[in-house]
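The next block holds one structure in the form of structure tokens; read it before the comments.
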Amino acid sequence: MAYNYMTADEAARFVKNGYNIGFSGFTVSGAPKLVPTAIAKLAEEEHAKGNEFRVNVFTGASTGDALDGALARANAINFRTPYQSNKDLRAGINSQDIQYADAHLSHLAQDIRYGFYGKMNVAIIEAADVSDNGEIVLTSGVGIVATVARLAEYIIIELNSNHPKELRGIHDIYEPADPPCRRELPIYSVRDRAGVDVLKVEPKKIVAIVKSDVKNGTSPFSPSDETTMRIGQNVADFLARELKRGIIPASFLPIQSGVGNVANAVLGSLGANKDVPPFTMYTEVIQDSVISLMKEGRVTFASGCSLTVTDPVLEDIYGNLDFFKERLVLRPSEMSNHPEIVRRLGLLTINTALEADIFGNVNSTHVLGTKMMNGIGGAGDFTRNAYISIYTCPSTQKDGKISPIVPMVSHIDQSEHSVKVLVTEYGVADLRAKSPIQRAETIIENCVHPDYKELMWDYLKLAKKSHTPHTLPHALGMHVEFAKSGDMRNTNWGEY
């Protein structure tokens with residue numbers, strides 16, 4: 001079939017006010033860059049004419065500034081789900097100019113199929129190659145593309161020359177059947193594949209192909225500091241102890257790791273700990289540290305939804321595809337994050353808390369309980385179904401003015417029933433097989449910063465004896481104090 005090649009501005013004309021748009025990718029990896037910016041430009045033109053132009057944006061996770069940022073700044077987003085990390089989009093969400101539904105990443109594709117969000121009008125896909133019969137080789141991220149491409153009325157492709165056609169074979173594209181006829185998802189080890197290596201679509205739905213040479217531009221994480229290194233070492237030492245005492249099988253278990261500096265430090269410490277055997281990963285985002293450990297032989301295989309690596313690392317992967325295609329697979333997010341597979345494989349999951357309370361509840365999304373940071377992402381998919389679920393956070397933030405460990409979290413994303421271990425740079429709180437008061441005592445003793453320990457013990461003394469001891473007039477006192485004075489250390493329980 002002969003496709004229509006056109007500019008991004010021309011392709012953007014297929015998008016109309018009120019459309020539901022599904023984008024490929026997971027983080028900036030695999031997300032289109034030119035067409036979203038052209039849609040933002042179109043929105044500004046329509047607004048200048050006095051016309052309404054806003055769209056509903058569906059993605060695998062966060063994207064790049066050329067998508068979320070450009071559309072947010074153009075006031076072109078009406079509704080956004082399931083996750084984001086762009087400062088301009090975040091500002092629009094917290095001012096209520098943009099409606100945002102924070103959602104578990106494994107749920108979105110199936111919820112779209114179930115019709116919860118209405119008709120999918122357009123799918124915009126970054127591709128390394130497309131054949132005349134509608135076989136699309138994806139790039140460095142997958143996300144929800146299999147579902148949105150099948151359901152969309154129109155498909156626009158960004159054909160990005162930075163990603164080689166030889167990527168074919170690194171992807172595993174699979175869509176589960178919908179209930180009530182769904183069978184088990186056929187992934188029984190991290191290396192198993194359930195689907196095919198290309199995205200297959202109806203060629204007649206491809207209305208435009210836009211040539212691109214824009215790189216991902218993934219920002220490198222800051223180097224590990226003393227705090228993140230100590231957190232990483234504490235996690236690695238804990239897992240090594242569990243391995244030694246037989247709680248973790250001798251062959252070890254697959255690792256899932258969140259995104260960021262702490263995650264990189266944890267993986268680095270695991271790789272350096274020779275008491276931990278070479279391991280596999282079943283995760284969402286594959287970062288630079290994973291690739292380094294793979295080259296060292298410490299990570300033997302990694303399954304994920306995206307290669308969210310810096311451009312030099314991605315070029316290294318593409319320059320050595322024979323090596324990496326035997327050790328990597330990229331899947332849709334409802335496969336990389338699927339609770340059934342997480343539980344079957346027995347993942348050791350490591351994610352980051354924005355704040356945690358002394359009973360083990362975790363807030364990973366809302367600053368002071370109200371302002372959205374990024375979103376829950378895939379943490380819930382992994383935490384609830386993990387073999388051992390671990391959360392990490394530094395013991396203080398903002399030069400000691402904030403304690404991420406508080407008497408009661410201001411928003412709950414993961415409850416005490418799912419969080420098994422909490423780790424800071426000061427130590428490890430193993431919460432398994434403990435009552436609420438035992439969890440509180442363990443967290444205060446092992447994880448809380450010295451500047452806040454006495455404050456936490458005093459809170460417990462104030463609390464009325466009960467199964468979960470709280471004093472409601474004081475429970476959010478540290479948050480109230482921070483809002484008032486800017487320093488939680490000034491909290492005086494006698495004022496509440």
Side-chain angles (χ1 to χ4, degrees), residues 26-27 60-61 82-83 102-111 142-144 146 172-177 179 182-195 235 238-239 242-243 247-249 251-259 263 266-267 270 279-287 290 299-306 308 328-353 360 362 364 375-392 413-422 431-432:
F26 196 93
T27 70
Y83 184 84
D102 188 22
H104 297 294
L105 301 188
S106 71
H107 288 186
L108 183 58
Q110 71 175 20
D111 287 352
V142 183
I144 58 172
D172 179 32
I173 309 303
Y174 179 88
E175 256 194 303
R182 178 178 292 175
R183 297 287 302 273
E184 78 277 8
L185 303 181
I187 301 294
Y188 308 105
S189 78
V190 296
R191 293 174 172 82
D192 285 345
R193 291 170 177 260
V235 172
F238 167 77
L239 291 176
E242 294 301 280
L243 179 65
I247 298 298
I248 296 173
S251 59
F252 210 57
L253 291 167
I255 296 287
Q256 176 268 330
S257 176
V259 181
V266 169
L267 288 173
L270 279 173
F279 56 92
T280 61
M281 298 192 66
Y282 196 92
T283 192
E284 307 169 301
V285 173
I286 298 170
Q287 302 180 94
V290 178
V299 170
T300 58
F301 195 93
S303 166
C305 191
S306 73
T308 304
L328 290 171
V329 63
L330 300 179
R331 315 181 195 270
S333 48
E334 67 178 320
M335 296 295 288
S336 66
N337 293 41
H338 203 286
E340 176 190 342
I341 300 173
V342 173
R343 185 168 291 193
R344 178 184 297 141
L345 299 183
L347 299 194
L348 304 171
T349 67
I350 307 162
N351 291 287
T352 303
V362 164
S364 55
I376 193 170
D381 300 326
F382 293 105
T383 298
R384 180 67 183 88
N385 299 281
Y387 190 96
I388 302 176
S389 59
I390 300 171
Y391 270 85
T392 66
D413 294 300
Q414 320 296 342
S415 79
E416 62 186 275
H417 310 293
S418 301
V419 178
K420 299 296 190 290
V421 179
L422 183 65
L431 309 180
R432 294 170 294 177

Quick one, [X] and [Y] - any side-chain contact, counting heavy atoms below 4.5 Å?
X	Y	result
Ile187	Asp172	yes
Leu267	Val290	yes
Ile248	Ile388	yes
Ser106	Pro339	yes
Tyr387	Leu347	no
Glu284	Thr27	no
Ile286	Leu330	yes
Asn351	Ile390	no

Separation of [Y] [atom2] from [X] [atom1] (nearest 0.5 Å):
X	Y	atom1	atom2	value
Ile255	Ile350	CD1	CD1	4.5 Å
Leu270	Met281	CG	CE	8.5 Å
Leu185	Arg331	CG	CZ	10.5 Å
His107	Ile144	NE2	CD1	14.0 Å
Cys305	Phe26	SG	CZ	4.5 Å
Ser333	His104	OG	NE2	13.5 Å

Next on the checklist: Please check if the number of heavy atoms outside Arg384 that lie under 6.0 Å from its CZ is greater than 12.
Outcome noted: no
Checklist outcome for this item: Paired with Asn385, the side-chain hydrogen bond (donor to acceptor under 3.5 Å, both in side chains) test is passed by just one of Arg343, Glu340, His338, namely Arg343
Item to check | Trace of the side-chain contact (heavy atoms from CB on, under 4.5 Å) decision for Val329 with Arg193 | outcome: CA-CA 8 Å; Val329 63; Arg193 291 170 177 260; 3.7 Å; yes
Work out which heavy atom in [X] is nearest to a heavy atom in [Y]; give both atom names and the distance.
X	Y	result
Leu243	Pro249	CD1-O, 3.1 Å
Ala263	Gln287	CB-NE2, 3.9 Å
Tyr282	Phe382	O-CE2, 4.1 Å
Ser389	Thr349	CA-OG1, 3.3 Å
Asn337	Gly378	ND2-CA, 3.4 Å
Tyr174	Pro186	OH-CD, 3.6 Å

Next on the checklist: Could you go through Tyr83 and Leu105, starting from their C-alpha distance and side-chain angles, then the distance that decides it, and tell me whether this counts as side-chain contact (heavy atoms from CB on, under 4.5 Å)?
Outcome noted: CA-CA 8 Å; Tyr83 184 84; Leu105 301 188; 3.9 Å; yes
Next on the checklist: Closer than 3.5 angstrom, by distance alone: can the side chain of Ser418 be matched with the main-chain N or O of Gln414 as a donor-acceptor pair?
Outcome noted: no
Item to check | Short side-chain to backbone donor-acceptor contact, Thr283 and Ser257, under 3.5 Å | outcome: yes
Item to check | Glu242/Arg432 salt bridge by N-O under 4.0 Å criterion | outcome: yes
Checklist entry - Going through the distances and angles, do Thr300 and Arg191 end up as a side-chain contact (heavy atoms from CB on, under 4.5 Å)? => result CA-CA 10 Å; Thr300 58; Arg191 293 174 172 82; 3.5 Å; yes
Item to check | Tyr391-Ser364 side chain donor-acceptor pair, cut-off 3.5 Å | outcome: no
Checklist entry - Going through the checks in order, is the side-chain contact (heavy atoms from CB on, under 4.5 Å) test met by Asp381 and Val342? => result CA-CA 8 Å; Asp381 300 326; Val342 173; 5.7 Å; no
